Amino acid sequence: MSENLDLTPEAAVRAVMQDILGLDAEQVAAFTPDTELFGALPELDSMAVAGLLTELEDRLDIMIEDDEVDGELFETFGNLVAFTEMKAAE
Amino acid sequence: MTATLEYSRYEFQGNDELCLKVGGHHAQSILLIPPLFDEMNRMRRMLLDVMRLLDANGIGSVLPDLPGTNESLFPQQQASLAVWRQALRDCSNILPKCQHIASFRGGCLIDDFAKDMPKWRLSPAKGNALLRTMMRTRMASDKEAGLSTNMVQLTEEAQQGAVNLAGNSISASMFSELQEAVPSLSDDVRTAQLETSAHTGDIKLPGSALWLRAEPDEDLLLSGAIATNLVSWISS
């Protein structure tokens with residue numbers, strides 16, 4: 001299995017959002033901490049969220065526990081980045 | 001891309017399983033191993049595009065359905081990685097022209113049915129990652145129904161016989177195989193990753209990760225890059 005290249009949590013979140021939502025790099029680069037996610041982006045349904053969490057685990061070599069996932073996590077891009085930064089620092 | 005699709009079959013444990021063929025008259029063919037579970041549906045259109053592009057380049061290809069998927073009569077709850085490897089062995093036995101394998105995502109977990117055949121892999125997935133996504137999908141649908149489920153409960157349920165995850169009936173043996181499964185190590189493997197991927201690979205391809213999308217889609221940039229790379233790989 002290939003090794004992960006170094007990737008910051010924020011870059012990983014942007015890359016996964018790009019893949020899941022089918023956006024291009026410029027569109028995802030325009031995401032700010034206040035950009036709303038769940039509920040605001042129709043492509044980001046609960047199935048997509050399932051894939052997103054597993055992809056973040058894979059790309060950042062972290063494990064996300066069931067009880068760490070709540071609605072607030074996906075409210076904004078900033079919340080999601082802050083969570084992954086916290087997990088990556090553990 | 002006007003290649004003719006041939007709806008063929010192979011026999012597995014007394015049932016006919018579907019097997020799509022394109023360009024059977026060419027001297028060489030590639031056996032394509034599809035992604036597993038939901039990812040297969042999201043990438044099927046792309047795989048067929050790859051098959052048509054290969055045909056335009058003088059290479060045939062074969063895409064078998066795995067027992068228990070699509071129209072298969074094989075009971076889904078009896079499917080396992082071991083069963084799928086055996087099915088691929090049976091299918092491969094009737095395809096003398098297929099001397100190369102191209103496997104996609106979870107398909108890379110079962111391409112070791114043929115130890116000696118050269119393998120090309122796109123974004124190989126670990127079994128546990130597929131399992132965790134399916135468990136999370138089940139947990140999300142339970143939550144919408146007002147139920148609270150967690151991975152520990154689902155793991156226990158699987159051990160008692162079978163568990164339904166995201167529309168798939170996953171047997172105890174499939175569950176435990178997936179927990180441990182990683183793509184086999186082999187000297188003769190070329191691994192392709194997407195340019196957006198964090199993983200290192202032998203080659204990086206442009207295009208999007210269709211397996212992560214909410215709906216099936218096509219991506220001719222990716223299918224074109226895959227076909228071009230497969231053509232250069234098979235001729236090298």
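Keep in mind it's a predicted model, so treat the numbers as computed, not measured. The figures here come from the full heavy-atom set of this structure, side chains too, leaving out hydrogens, waters and symmetry mates. The sequence lines fix the lettering, A, B, ..., with proteins before strands; numbering per chain opens at 1.
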Can you establish whether the number of heavy atoms outside B/Asp116 located under 6.0 Å from its atom CG is more than 12? no

B/Arg121: partners by salt bridge (Lys or Arg N to Asp or Glu O under 4.0 Å), with sequence neighbours left out: B/Asp111

Residue, of B/Met135, B/Met139, B/Arg138, that accumulates the most heavy atom pairs under 4.5 Å with chain A: B/Met139

Honestly, the part of B/Asp219 sitting under 4.5 Å from a heavy atom of chain A is neither

Exercise: identify the closest heavy-atom pair between B/Thr137 and A/Ala50: OG1-CB, 3.4 Å

At what distance, to the nearest 0.5 angstrom, does CE of B/Met151 lie from CG of A/Asp66? 5.0 Å

pair A/Ile64-B/Arg136: side-chain heavy atoms closer than 4.5 Å: yes

What residues of residues 18-44 of chain A make heavy-atom contacts with chain B at a cutoff under 4.5 angstrom? A/Gln18, A/Asp19, A/Ile20, A/Leu21, A/Gly22, A/Glu43

Please determine whether a side-chain nitrogen of the Lys or Arg among B/Lys126 and A/Glu57 lies less than 4.0 Å from a carboxylate oxygen of the Asp or Glu. no

For a 4.5 angstrom cut-off between non-hydrogen side-chain atoms, does B/His199 reach A/Asp58? yes

Output the distance between atom CG (B/Asn150) and atom CD (A/Glu65), rounded to the nearest 0.5 Å. 10.5 Å

Under a 4.5 Å heavy-atom cut-off, does chain A meet the side chain of B/Glu215, its backbone, both or neither? neither

